[in-house]
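Scope of the values below: all heavy atoms of this structure, side chains included, with no hydrogens, waters or symmetry mates.
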Amino acid sequence: MGSSLIDLVFRSDKRKNLLMLLDSGSKNIDEIKDALDVTATSILPQIKKLIDNDLVIQEDKMYKLTVLGEFIIKKIKPLISALEVVEKNNSYWTGHDLNAIPRHLLEQISELGDCILIEPDLNHIYEPSPKIIENMSNAKRASTFASYFNPAYLPLYVELGRKDAELSLNFTQSVWDHLSNEQSDMINELMDMDNVSLYVSKEGIKLTEVTVTDRIMLLGLFDKNGKFDQQFIMSFEQSALSWGQELFDYFKRLSRQVNKI
C-alpha cells in the first residue's frame, strides 16, 4: 500500500466521509456527489486512492467497500463518532471533570450523537433554563440523579408527578436534606405519589446531574476546579437516552430508596 491506512482515512475528510457513506451500501458517483456535496473533480481522485489501497471497489458504475474496507470502517466508525461528539462541544468536554462517568460509558460517548450545549442566562442565573423546562414539561417519564440541584426545578417535578409521569429522583444526602427542610411541602407531595420513586445517594459523586426523559438526555458535570458552571449537554437521540438511563441506573444501584410516608 502506498500510504498508511491511518493517514489514508484520517488525513482527508472526503475519504473519511466517503467510507462512512459507503458503509450504508453501494453508491454511484451522482449519489456520492449529492450526499457529500462535492464535485466529481474533487472526489474522483480520493476514490482512486481508496481503490488503490483496496478499501473501495468499483463494479458496474457502483462504488462499495471491499471486505477490508468493511472491516476498517467497522473498527473506526465508533472512534469517528466519538471524535465528532467531542469536537462539536470541545470546550465543554475538555473543561469538565469526566471522572464520575464510568469507564465503559465514557468509551461509548459516541452514543450521545448530535448534542447541543445549554448555557446559563447570566441575567437570570437562578431561574430554570427555558430550554430545559420546554423539553421536560410534557415528559411521560423522567429519571434524575443530582448532586447539585436548583430548587426552582422542583415545581416542574411536582407538576409532572401530578400528570402521572413516572419519576425516579435520586439526590445526594446534602441535596436531599436541603430539599426536605426548605421545600418540605413539595417533597412530601412527591413522596405521597405512587408514580414517584425517591432515592438518596452518597456524597462525593463528581457529577452534577443526569436526567433522562422519553425525549431528552441532559448531562451536567463539574468543571476541573470542582465548580458547577450551569452548563449542560443535551441530546435527543435514542442512543443518548439509553446511555443516560444506564448512567442513572449506575448511580441508582449505589443509592438507597426513601420509604414513602
Side-chain angles (χ1 to χ4, degrees), residues 1-94 98 101-118 131 135 210 212-219 232-247:
M1 294 186 183
S3 61
S4 76
L5 287 179
I6 292 177
D7 286 347
L8 186 69
V9 174
F10 286 102
R11 294 193 66 177
S12 166
D13 284 341
K14 289 186 176 69
R15 292 194 295 268
K16 179 191 69 176
N17 293 338
L18 177 59
L19 290 171
M20 296 281 282
L21 176 65
L22 295 182
D23 186 48
S24 64
S26 301
K27 300 288 186 293
N28 61 37
I29 189 62
D30 289 330
E31 291 172 322
I32 291 172
K33 290 192 300 181
D34 290 343
L36 301 184
D37 192 22
V38 294
T39 64
T41 303
S42 67
I43 197 63
L44 284 173
Q46 308 308 326
I47 294 176
K48 184 178 185 305
K49 289 183 180 180
L50 294 173
I51 291 175
D52 290 345
N53 285 271
D54 195 33
L55 297 184
V56 170
I57 190 171
Q58 181 182 7
E59 294 180 346
D60 298 327
K61 298 183 179 181
M62 301 294 288
Y63 297 95
K64 68 176 185 178
L65 296 177
T66 63
V67 172
L68 178 60
E70 290 177 352
F71 171 77
I72 293 296
I73 200 63
K74 180 180 179 181
K75 294 297 183 182
I76 68 174
K77 193 172 182 179
L79 174 59
I80 292 173
S81 297
L83 290 173
E84 289 174 348
V85 168
V86 173
E87 286 177 355
K88 182 174 180 181
N89 295 291
N90 184 64
S91 62
Y92 183 85
W93 296 112
T94 58
L98 306 181
I101 302 176
R103 184 64 55 181
H104 71 284
L105 287 176
L106 196 57
E107 291 174 355
Q108 298 170 31
I109 200 170
S110 61
E111 295 183 11
L112 299 187
D114 188 16
C115 302
I116 61 174
L117 180 63
I118 305 294
K131 288 184 179 179
N135 286 288
V210 58
V212 188
T213 75
D214 45 300
R215 292 191 59 219
I216 65 165
M217 189 287 302
L218 194 69
L219 178 68
F232 293 93
I233 288 290
M234 180 186 288
S235 178
F236 298 88
E237 299 198 17
Q238 188 60 48
S239 58
L241 304 190
S242 298
W243 185 94
Q245 188 63 50
E246 189 171 349
L247 182 58

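Rounding to the nearest 0.5 Å places CG of Leu55 at 10.0 Å from CG of Leu18. Residue Ile43 holds its CD1 atom at 11.0 Å from NZ of Lys33, rounded to the nearest 0.5 Å. To the nearest 0.5 Å, atoms CG (Leu22) and CG (Leu65) are separated by 5.0 Å. With rounding to the nearest 0.5 Å, the separation of CG in Asn135 from OG1 in Thr213 is 7.5 Å. Atom CD of Glu84 sits about 10.0 Å away from atom CG of Leu79, to the nearest 0.5 Å. Here the CG-CG distance, from Asn53 to Leu8, works out to 4.5 Å after rounding to the nearest 0.5 Å.
Using a cutoff of 4.0 Å between basic side-chain nitrogens and carboxylate oxygens, Asp52 and Lys49 are not scored as salt-bridged.
Heavy atoms only, all atoms of each residue included: Met234 and Leu218 are closest at CE-CD1, 3.8 Å. Counting all heavy atoms, side chain and backbone alike, Leu112 lies closest to Ser235 at O-OG, 2.7 Å. The nearest pair of heavy atoms linking Gly244 to Met217 is CA-CG, 3.7 Å. In this structure, Glu237 and Asp114 approach most closely via the heavy-atom pair OE2-N, 2.8 Å. Annotation for Thr66 and Asp54: closest pair OG1-O, 2.6 Å, computed over non-hydrogen atoms. Scanning all heavy atoms of the two residues, the minimum distance from Ser110 to Pro78 falls at CB-O, 3.7 Å.
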When you look at Asp34 and Glu31, which way does the side-chain contact (heavy atoms from CB on, under 4.5 Å) test go after all the steps?
-> CA-CA 5 Å; Asp34 290 343; Glu31 291 172 322; 5.9 Å; no
For Ile216 and Phe232, run side-chain contact (heavy atoms from CB on, under 4.5 Å): C-alpha distance rounded to whole Å, both residues' side-chain angles, the deciding distance at 0.1 Å, then the answer.
-> CA-CA 12 Å; Ile216 65 165; Phe232 293 93; over 6 Å; no
Which is it for Asp23 and Met20 under the side-chain contact (heavy atoms from CB on, under 4.5 Å) test, yes or no, and what are the steps along the way?
-> CA-CA 5 Å; Asp23 186 48; Met20 296 281 282; 5.6 Å; no
Worked verdict on Ile73 versus Val9 for side-chain contact (heavy atoms from CB on, under 4.5 Å) = CA-CA 9 Å; Ile73 200 63; Val9 174; 6.0 Å; no
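Partners of Asp214 according to the salt bridge (Lys or Arg N to Asp or Glu O under 4.0 Å) rule, which considers only residues two or more places apart in sequence or in another chain, do not exist here.
When Ile109, Val210, Leu106 are each tested for a side chain to side chain contact (heavy atoms under 4.5 Å, CB included) with Ile101, only one passes: Leu106.
Residue-environment remark: CG (Asp30) exceeds the threshold of 12 foreign heavy atoms within 6.0 Å. Heavy atoms of other residues, nucleotides or ligands lying less than 6.0 angstrom from CZ of Phe236 number more than 12. Environment of NZ in Lys16: crowded, with over 12 heavy atoms of neighbouring residues, nucleotides or ligands closer than 6.0 Å. Within a 6.0 Å radius of NZ in Lys131, other residues, nucleotides and ligands contribute 12 heavy atoms or fewer.
At distances below 3.5 Å, at least one donor-acceptor pair connects side-chain atoms of Lys88 with backbone N or O atoms of Cys115.
You'll find the side chain of Leu50 reaches within 4.5 Å of the side chain of Arg15, heavy atoms only. In this structure, the side chains of Val212 and Leu247 stay at 4.5 Å or more apart for every pair of heavy atoms.
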